[in-house]
Amino acid sequence: MNKIKALILILLVSVFGNAQEFKSPNGNFNMKFSLLSDGTPTYQLSYLNKEVVKTSKLGLELKNDPKSLLNDFKVVSATPSTFNETWKTVWGEETQIQNHYNELAIKLKQNGTEREMIIRFRLFNDGLGFRYEFPQQKNLVYFIIKEERTEFAMTGDHTAFWIPGDYDTQEYDYTESKLSEIRGLFKKAVTDNASQEQFSETGVQTSLMMKTADGIYINIHEAALINYSCMSLDLNDKTFVFQSHLTPDAKGDKGYMQTPCVSPWRTLVISNDARDILASRMTLNLNEPCKIEDTSWIKPVKYVGVWWEMITGKSSWSYTNDFPSIQLGVTDYSKAKPNGTHGATTEHVKELIDFAALHGFDGVLVEGWNEGWEDWFGQSKDYVFDFVTPYPDFDVKGIHAYAKSKGVKMIMHHETSGSARNYERHLDKAFQFMNDNGYDAVKTGYVGNMLPRGEHHYSQWILNHYQYVVEKAADYKIMINAHEAVRPTGICRTYPNMIGNESARGTEFQAFGGSKPNHTTILPFTRLMGGPMDYTPGIFEMDISKLNPNNNSHVNTTLANQLGLYVTMYSPLQMAADLPENYNRFFDAFQFIKDVPVEWSESKYLEAEPGYYITIARKDKNSNNWFVGNNNGVNPRTSTINLDFLEKGKKYEAIIYADAKDADYKTNPQAYKITKQKVTNKSKLKMTSAAAGGYAISIVEVK
Ligand code: NOJ
Ligand code: CA
């Protein structure tokens, strides 16, 4: 480092006694580190000269270690540094991301034990990230975390968009309420799931989105969650202090650590403009650069599948109704009578391949292709699936050849039924089977309680399993889309073969009774802060009884809203989830799904308010075309969007897919209108969205 730089850095950090302060590169954030009189480390954060996080304690409680890593510390050193680089994405909301921060590393030593711990703080222009680091040392080698004691002390009774804290699922609708109202609303917010366990009536999950009374948006999450357990937040609803709450393992322990090691980053993304929260890349920036050398095989995917028909109950994953239970290798399917509702038949899959080829989709996902679905969850079964044995009516080789001849990729499905142990047992063979049969992407799933029994979906052991699967998949050049796994924390920067995750309430719940009409105006502010979601949009038939007379669910959006999702819910993996027959009925609207890319070079956040509306414009990575998407909450809304992001001097045609005047998500969801108009970078468009409506616009360069 040259001398001038070093001098500037020293000036950035003012040292007074046991307290240090530093600022973000743009000066908007100021963080103060200090030790309390008993040697407890704390931090305090201001944004635009206003306190946004009050003095909050830091530390960890250890098992069988009364002193723990909580107090009696002294500051050994405070090392400032700065970093500024721009890195290229393999896929993402843009092709390049700037990683610019000032750092302050506080080295602490505990009196008596002489144990050392570093707390590393990074201030970006969009917020704060910090983590604990435990260097290798004689006095701290192995330790077990009883609880992480990180506080996030809020300055008031903010509005929050929250889901219940749970060790096993994130598949909840969001509740908007004051922090003080969480306790009273908690029970109602807990809806049924195949596996769930809450820990406190004021426990909430991250990423947590909040808004202060004076209009400051605060998002708390974590980054680079590796070899640690997932953090929820437990609120003291008298003081508005959140305390970190880690997911326990089967024994109730919260982390087995061996030095040298680090915690994940704790993140606070903060702005007075909600659009900045969506534009933040802090979570990715706090992850390690890509570890996969050759990424040429990692490709964004637009796909269709044998899926929605099972989710709605129109067809089944299972092949037969003959058996009371299944034991793989013992049950003889060759003698079983087909039930007549099995979705994954060779014939039906070929129809889907034809549909994909005709309309330019990259892939076809098929679920229910392998033996075991007659008896797949709820019994805590260890050996559920083997991931290589197809049902008698699913011709793996024939389908591979057919798909190849049509230029379509098959997408594999590995439902583990929560038996992570069984999956690991079969993993190499299952991935080899994929390589042999032309599959380069797999949707994994973890429905039901975890095995090993007593483990939770978000504890350290199982997180290491998800990570093992991602890394092993990379060895086989396989892309992963994990359902029911832990919510992402930006690890896709390091392992971009992790192209998707569910880990939230996806479209499937629209067929399980429906989701709140403003659900997708919240997800980008919460679940998507850590990485893309396989939300599976594109439902055109909202009355599910039309697919299955025994299912009276209603999809709580308009059709135009479903189109907007392809832009607002960023993902390199996008499904057109509805049945071909419904796309054939609304063929002109389907054109947008056909046209919308899954690879972007730039993104502009035009309008945003969590729970109410989101409008995003993105530029196609492979052309000069732009695509705009809007998702609206329950209040019908008109606004004017400015197309000044278009290239100056170029002419474009805008094809607008919007809610018709009489559209209504409950009574008239399929009322949409398609119009065309010439636009330039000087154009402004006045757009109206119905309740739970939205719009999508293709802006195509006219040469
Ligand atoms: C739940 C997943 O989210 C869904 O997409 C899948 O079809 C079922 N599990 C079966 O694996
Ligand atoms: Ca799910």
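Atoms within a ligand are numbered from 1 in the order they appear, just like the ligands themselves. Keep in mind that the numbers below use all heavy atoms, side chains included, and drop hydrogens, waters and symmetry copies. Counting begins at 1 with the first residue of the sequence.
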Quick one: sort the Tyr333 and Phe323 rings into parallel, tilted or perpendicular, breaks at 30° and 60°.
perpendicular
Any non-hydrogen atom of Glu484 lying under 4.0 Å from ligand 1?
yes
Parallel, tilted or perpendicular: which fits the ring planes of Tyr466 and Tyr446, with parallel below 30° and perpendicular above 60°?
perpendicular
Tell me which part of Thr536 gets within contact of ligand 1: side chain, backbone, both or neither, using heavy atoms under 4.0 Å.
neither
Nearest neighbour in protein (non-hydrogen) for atom 9 (N) of ligand 1
Val447 CG2, 3.3 Å
Do Val598 and Pro572 have side chains that approach each other closer than 4.5 Å (heavy atoms only, starting at C-beta)?
no
Atom indices of ligand 1 within 4.0 angstrom of Trp317 heavy atoms, with elements
7 (O), 10 (C)
Distance filter under 4.0 Å to Lys443 heavy atoms, resulting ligand 1 atoms
4 (C), 5 (O), 6 (C), 7 (O)
If we number the atoms of ligand 1 from 1 as shown, the ones under 4.0 Å from a heavy atom of Ile311 are 7 (O)
Please determine whether any non-hydrogen atom of Trp373 lies less than 4.0 Å from an atom of ligand 1.
yes
Metal-centred angle, the Ca ion (ligand 2) as apex - OE2 of Glu484, OE2 of Glu502, 10° resolution
120°
N/O donor-acceptor pair under 3.5 Å between Thr320 side chain and Lys337 backbone:
yes
Would Asp428 and Lys472 pass as an ion pair if we require N to O under 4.0 Å?
yes
So, of the N/O/S atoms that Glu508 has, which is the nearest one to the Ca ion (ligand 2)?
OE2
Atom CD of residue position Gln432 - does it have more than 12 heavy atoms of other residues, nucleotides or ligands inside 6.0 Å?
yes
Within the structure, does Glu508 bring an N/O atom to less than 3.5 angstrom of an N/O atom in ligand 1?
yes
Run the numbers for me: atoms of ligand 1, each under 4.0 Å from some heavy atom of His483, listed by number.
2 (C), 3 (O), 5 (O)
Note: ligand 1 atoms sitting under 4.0 Å from heavy atoms of Glu415 are 9 (N), 10 (C), 11 (O)
Let me confirm one number: the CZ-CZ distance from Arg527 to Arg487, rounded to the nearest 0.5 Å.
9.5 Å
Parallel, tilted or perpendicular: rings of Tyr423 and Phe387 (30°, 60°):
tilted
Nearest to the Ca ion (ligand 2), which N, O or S atom of Glu171 do we find?
OE2
Select one of side chain, backbone, both or neither to describe which atoms of His413 lie under 4.0 Å from any atom of ligand 1, heavy atoms only.
side chain
Which atoms from ligand 1 have a heavy atom of Glu502 less than 4.0 Å away?
3 (O)
Could you tell me whether some N/O pair between Glu367 and ligand 1 is separated by less than 3.5 angstrom?
yes
Do Trp369 and Ile399 come close enough that some side-chain heavy atom pair is under 4.5 Å?
no
Would you say Ile182 and Ser177 make side-chain contact, with heavy atoms under 4.5 Å?
yes
I need the atoms of ligand 1 closer than 4.0 Å to a non-hydrogen atom of Trp307, numbered in the order shown.
4 (C), 5 (O), 6 (C), 7 (O)
Tyr391 backbone acceptor or donor facing Glu371 side chain under 3.5 Å:
no
Heavy atom under 4.0 Å from ligand 1: found in Trp308's side chain, backbone, both, or neither?
neither
